[in-house]
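A note on names: the letters A, B, ... follow the listed sequences, proteins ahead of strands, and every chain is numbered from 1. Quick note: numbers below take in every heavy atom, side chains included, and nothing from hydrogens, waters or symmetry partners.
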There are 2 protein chains.
Amino acid sequence: MNYPNGIKKEIQNKTINYKNRGMRLEDDLNITNKYYIENKIAYIYKKPTPIKVVKASYNKSGGRVITEAYYSEPSTTDYNGIYKGNYIDFEAKETKNKQGFPIANIHSHQIEHIRNIEKENGICFLIVRFTSLDKTFLLEAKYFLNYLDNIKKSNISINYFEEYGHLIKNKLLKRVDYLEIIDKIWRNYEKK
Amino acid sequence: MNYPNGIKKEIQNKTINYKNRGMRLEDDLNITNKYYIENKIAYIYKKPTPIKVVKASYNKSGGRVITEAYYSEPSTTDYNGIYKGNYIDFEAKETKNKQGFPIANIHSHQIEHIRNIEKENGICFLIVRFTSLDKTFLLEAKYFLNYLDNIKKSNISINYFEEYGHLIKNKLLKRVDYLEIIDKIWRNYEKK
């Protein structure tokens, strides 16, 4: 079997990772994306975190060291890439909330970006993990935007995810196999 | 006319920008991409520079300050996004060299990424500016890879760019209007 780099280490460290709940979805997505890349399924990457560098200097060996910098707000979603020739774009979030997902977790710039990608016919969605329920959903951008524009509550209820979203199965190698859901959505469109 | 944010300032500061040659192509691309985004033409962004954070603390007002960090090597190209429903991916580089473009300017991970995107039928290319000649070319990934695989020299000669690349015109608002070239390439394919 083709193990992505570092996956064995990740599996060994699973107990440790479980403690660090805030990082889990991102870790799982990194492992999944590595699996996709190394098996030539899709080329989807997390964008680096935007950081504004204020001060940098050179260390003894001539390398650059950043000594003052700040995290800045992303202008787009965190993940994008290509799958079967299609542009893929998504944002991933975790919440401890059991009733719903607080929309405030998505910055206004990101919402505007999601609208743009949806209009441009990109494959755009959210991946939301409810950590307390141990459930991870894919919600297509059109349903996310419909909620924003028509239902207008500050939380997207878990019921909305159950009805309009797709539950993503946990797997060993493809931890969050969201492309399986994309394939399913495409098959459903073809049937119509 | 619809001016992208900050473009008037950019035009006023043109003299200053010209001095800072190393930054010019990136600045021009940022202005061009802003123009595309604000006019709903395309949604293409530069990825943030990857930075590995080693130490961070909280300042008096509770914000996070990064106090030790290092630049790390990018695993993909710097720019990607969507245009007319198509996945777009490119790397942009400047060189002072008049004879050719040193391939060493593109990291091996980036070359592998370009191969992957090309196979996946993404629209993939390089934008190379020869600062001493004041010429900027778009070179499609297939011609770049052909050079690597068959010609195998360490520099891509200016003649190769003249023959297989496309000269990008300088414009006031769309400083590096590379999508005009993509449209031209598509029209040529349709004719065949």
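Taking A:N59, A:T76, A:N121 one by one and counting their heavy-atom pairs under 4.5 Å with chain B, the maximum is reached by A:T76. Top candidate by heavy-atom pairs under 4.5 Å with chain B, chosen from A:A42, A:A56, A:G81, A:P74, is A:G81. The residue among B:G85, B:P48, B:G63 with the most heavy atom pairs within less than 4.5 Å of chain A is B:P48. By number of non-hydrogen pairs under 4.5 angstrom with chain B, the leading residue of A:V65, A:I88, A:N116 is A:N116.
Both A:F125 and A:Y79 are part of a single hydrophobic cluster, where members link through side-chain heavy atoms under 4.5 Å apart. Hydrophobic cluster membership differs between A:Y178 and A:Y143, with clusters built from Ile, Leu, Val, Met, Phe, Trp and Tyr side chains linked at under 4.5 angstrom. Cluster annotation: A:Y87 is not connected to A:F90 through the hydrophobic network of ILVMFWY side chains, with a link wherever side-chain heavy atoms come within less than 4.5 Å. Connection of B:Y58 to A:Y71 is not established within any shared hydrophobic cluster, with ILVMFWY side chains joined at heavy-atom distances below 4.5 Å, either directly or through further cluster members. Hydrophobic clustering, with ILVMFWY side chains joined whenever heavy atoms are under 4.5 angstrom apart, keeps A:L167 apart from A:I181.
To the nearest 0.5 Å, atoms NZ (B:K119) and NZ (A:K40) are separated by 4.5 Å. For the atom pair B:Y43 OH and A:H113 NE2, the distance stands at 10.0 Å (nearest 0.5 Å). Taking CD from A:E120 and CD1 from B:I41, the interatomic distance works out to 10.0 Å, rounded to the nearest 0.5 Å.
Judged purely by atom type and a 3.5 angstrom limit, A:E68 has no side-chain atom pairing as donor or acceptor with the backbone of B:I66.
Applying the 6.0 Å contact sphere to NZ of A:K153 captures no more than 12 heavy atoms from other residues, nucleotides or ligands. Within a 6.0 Å sphere centred on NZ of A:K135, heavy atoms belonging to other residues, nucleotides or ligands number 12 at most. Other residues, nucleotides and ligands contribute only 12 or fewer heavy atoms inside 6.0 Å of the NZ atom of B:K169.
In terms of heavy atoms, A:Y45 sits closest to B:K47 at CB-NZ, 4.4 Å.
Residue B:V54: no heavy atom, backbone or side chain, is found under 4.5 Å from chain A. Heavy atoms of B:S72 lying under 4.5 Å from chain A are absent altogether. For B:T67, the parts lying near chain A are the backbone and the side chain together; criterion is any non-hydrogen pair under 4.5 Å.
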(message) Between B:I82 and A:D89, is the side-chain contact (heavy atoms from CB on, under 4.5 Å) condition met? List the steps.
(response) CA-CA 10 Å; B:I82 187 168; A:D89 193 304; over 6 Å; no

